[in-house]
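Read the structure below first, then the notes.
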Amino acid sequence: YPSFVGVQVRNANTNAWGGSIETSTDSGASHTTMVCSDGCVPSPRTTLKVGSDAANCWKSLGDILLTNSNQLSRSDNQIVLTLASVDVAAGTVSVMHKKSDLGNPYTVTSEPMMASEVASLHRPVRF
């Protein structure tokens, strides 16, 4: 098309979906994320302090694994979180989950022997 106006998306049922829609006007050489302009409900987000080194490693986004996320059972619980944004300078990541989804993860201060661990699930492995 000579000029692109937009796209309309509608869900056929009540199941939620998330993500982004990208467009390209140069045959896929570059992409731009579209912005929702009407009837949008943003995904819930929670910010986690992970330190600048970890945030720098995860700036390409993807998924991370949070372990020991349930203090009550004192077991190795885990949850996969989808990164929404990364602020390297602040050492924070924003995940597309409500804070209540995360439970109350252990910190080094609250439980030095069982502090939660966070790991990227999208790191290249070389042999």
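Index from 1, following the sequence. Side chains are part of it too, since the values below use all heavy atoms of this structure and drop only hydrogens, waters and symmetry mates.
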### Task
Could you please spell out the steps behind the side chain to side chain contact (heavy atoms under 4.5 Å, CB included) verdict for L48 and V95?
CA-CA 8 Å; L48 305 172; V95 295; 4.1 Å; yes
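Checking side-chain atoms of K49 against main-chain N and O of A90 turns up a donor-acceptor pair under 3.5 Å. Under a 3.5 Å cut-off, the side chain of S116 and the backbone N or O of T67 do form a donor-acceptor pair.
Remark: L121 CG to L65 CG distance equals 5.5 Å, nearest 0.5 Å.
When the side chain to side chain donor-acceptor pair (under 3.5 Å) test is applied to S24, the partners found at least two apart in sequence or on another chain are D26. Checked against side chain to side chain contact (heavy atoms under 4.5 Å, CB included), V118 has the following partners two or more places apart in sequence or in another chain: W58, I64, L66.
Minimum heavy-atom separation, A55 to T92: CB-O, 4.1 Å.
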